[in-house]
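Note on naming: letters A, B, ... go to the chains in the order of the sequence lines (proteins, then strands), and numbering restarts at 1 for each one.
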There are 2 protein chains.
Amino acid sequence: MNTFTEENYLKAIYHGSAPGGSVSTNEIAAALNTRAASVTDMLKKLAEKKLINYTKYQGVTLTASGEKIALSIIRKHRLWEYFLVEKLNFKWDEVHDVAEELEHISSKELVDRLDDFMGNPKYDPHGDPIPDRKGEFKAHQLKPISSLGVNEEGVISGVRDHSSSFLQYLEKTQLTIGKKIKVAEIHIYDHSVVIQSGDRRTHISREVANNLLIAL
Amino acid sequence: MNTFTEENYLKAIYHGSAPGGSVSTNEIAAALNTRAASVTDMLKKLAEKKLINYTKYQGVTLTASGEKIALSIIRKHRLWEYFLVEKLNFKWDEVHDVAEELEHISSKELVDRLDDFMGNPKYDPHGDPIPDRKGEFKAHQLKPISSLGVNEEGVISGVRDHSSSFLQYLEKTQLTIGKKIKVAEIHIYDHSVVIQSGDRRTHISREVANNLLIAL
DNA sequence: TTTATTTTTTAGACTAATCTAAATTTTTTA
DNA sequence: TAAAAAATTTAGATTAGTCTAAAAAATAAA
Ligand SMILES: [Mn+2]
Ligand SMILES: [Mn+2]
Ligand SMILES: [Mn+2]
Ligand SMILES: [Mn+2]
């Protein structure tokens, strides 16, 4: 097995990689709140274990087995988040830190049974896809509200910013996953957007419009 | 917070202490599958943190705060075991190792909600009492079947040996928690016992009779 | 295409947890 | 109560993960 730390590095590399691309030492250091020198040390170890492809100064990509591990961690993270929200009544902004711990519980039997217990959910509370036991998943096709024109509609299906302050803001303004919305107005001056949802109108900033994702 | 290792030491000290008594370095080493020298190092650290009372060569006891932590770990362990058996359909002999990991998840909110979700159970799948959120619990008054005389009755309420081989044996012979039993015969020669449970008779060895506990 | 800046790696140290082997202390036994 | 045995602690190393400071490589700018 791998240590928690190794698992966190693999996950960070997975999340930091643009499709097909590689991740830099500094990006990993930023994601894990650590120093570049520490990252270099760990990259050597992960390369030694054949979990990443690493050549000095070139950045890294995951090998097939590294990606498999990363996906299993992400599966656990998202299933536990779903459990916390759906079964234990946590709010969607309260679950991430707990899931960061739970994702390292090793038992595969446990997550698979948890998955069945909850009816094999496909998306976590933030709209992110949950890999199945084979590591497969299909992501929603998403785009930010800021890319819509006036009168275009869609269903809120994901967030680009997972911070609890953003999630709390969305909760308060009732812009949560599953809500059907329409763009009512766009202010050219500051790119802020007025959203219509049912008979409720909400004025959101450009930043919020960039971070709120709707399904096509 | 404390490391997993520190938590495991505190738990071992708690479990190793006879009521009011102290635990020896070697006992802790045996319980944790480690060496006496390692234990000594850790005892110094825990004493430094005022979680144990330690004087060289004298053995250790938990301080009030050390005991509080130990009980919170035990609470988590047993609640998770209950969850695994009652909600995820694990068998009682399969849950211990998973609970050994889950008990270190730090969120107090999580265990308290889990406790409520399950209806605040008082005993875990092996009959051990689950401390409440204040660390309080009442243990069953238990005695081994081997202490009963012929025709005495009782309800199976706990085990002294938690090994999966023993639990599997009990499962197979249907001598599980909650079963009402009566001692039908005692063989003087080897102290083996014939147990009547419903219309089923089971012949168990002295060793099994010593490790199966019934409520008074 | 040199020079400056940024990124990454190496060198050397530190902490937590562990180990073996040797030294102490305590307990038993004679 | 003195020698032998058992338990415990100390000494000195090791591994994982981290850090700061300095060196090296890559990239950007002049
Ligand atoms: Mn999360
Ligand atoms: Mn999520
Ligand atoms: Mn257990
Ligand atoms: Mn138990």
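Distance A:Lys49 NZ to D:dA16 P: 9 Å, rounded to the nearest Å. At whole-Å resolution of the value, CG in A:Leu43 and P in D:dA16 are 16 Å apart. Rounded to an integer number of Å, the gap from OH of A:Tyr54 to P of C:dT8 is 9 Å. Rounded to whole Å, atom C1' of C:dT7 lies 13 Å from atom CD1 of A:Ile28. In this structure, the NZ atom of A:Lys56 is 8 Å from the P atom of D:dA25, given to the nearest Å. In this entry the distance linking CG of A:Asp41 with C1' of C:dT9 reads 9 Å, nearest Å. In this structure, the CZ atom of A:Arg35 is 8 Å from the C1' atom of D:dC19, given to the nearest Å. Rounded to a whole Å, the OH atom of A:Tyr57 is 11 Å from the P atom of D:dT27.
B:Thr5 comes within 4.0 angstrom of sugar-phosphate atoms only, judged by non-hydrogen atoms across all strands, and of no base. Counting non-hydrogen atoms under 4.0 angstrom, B:Phe4 reaches nothing in the nucleic acid.
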Carefully, step by step, assess A:Arg75 and A:Asp112 under the rule salt bridge (Lys or Arg N to Asp or Glu O under 4.0 Å).
-> CA-CA 10 Å; A:Arg75 167 171 163 76; A:Asp112 290 349; 2.7 Å; yes
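A salt bridge does not link B:Asp41 with B:Arg35: none of the charged nitrogens is closer than 4.0 Å to a carboxylate oxygen.
The aromatic rings of A:His203 and A:His187 are tilted relative to each other, their planes meeting at an angle between 30° and 60°. Between A:Tyr169 and A:Phe166, the ring planes lie parallel to each other; the angle is under 30°, not in the 30° to 60° tilted range.
Residue-environment remark: CD (A:Glu152) exceeds the threshold of 12 foreign heavy atoms within 6.0 Å.
Residues A:Glu6 and A:Gln58 each lie close to DNA chain D; by heavy-atom proximity, the contact nearer the 5' end of the strand is made by A:Glu6.
A heavy atom closer than 4.0 Å to some atom of DNA chain D occurs in no member of residues 16-26 of chain A.
Using a 4.0 Å cut-off, no side-chain N or O of B:Tyr9 falls inside it from OP1 or OP2 of C:dA16. Checking the phosphate oxygens (OP1, OP2) of C:dT10, a side-chain nitrogen or oxygen of A:Lys44 falls inside 4.0 Å. In this model, the phosphate group of D:dT9 is approached by a side-chain N or O of B:Thr40 to a distance below 4.0 Å at OP1 or OP2.
If you check D:dA24 for Watson-Crick or wobble pairing at under 3.5 angstrom, you find it paired to C:dT7. Searching all strands for a Watson-Crick or G-U wobble partner of C:dA30 with both distances below 3.5 Å returns D:dT1.
The side chain to side chain contact (heavy atoms under 4.5 Å, CB included) search around B:Ser157 returns B:His140, B:Leu142, B:Val155, B:Ala215, not counting sequence neighbours.
Atom CD1 of A:Ile195 and atom CD1 of A:Ile145 lie 3.5 Å apart (nearest 0.5 Å).
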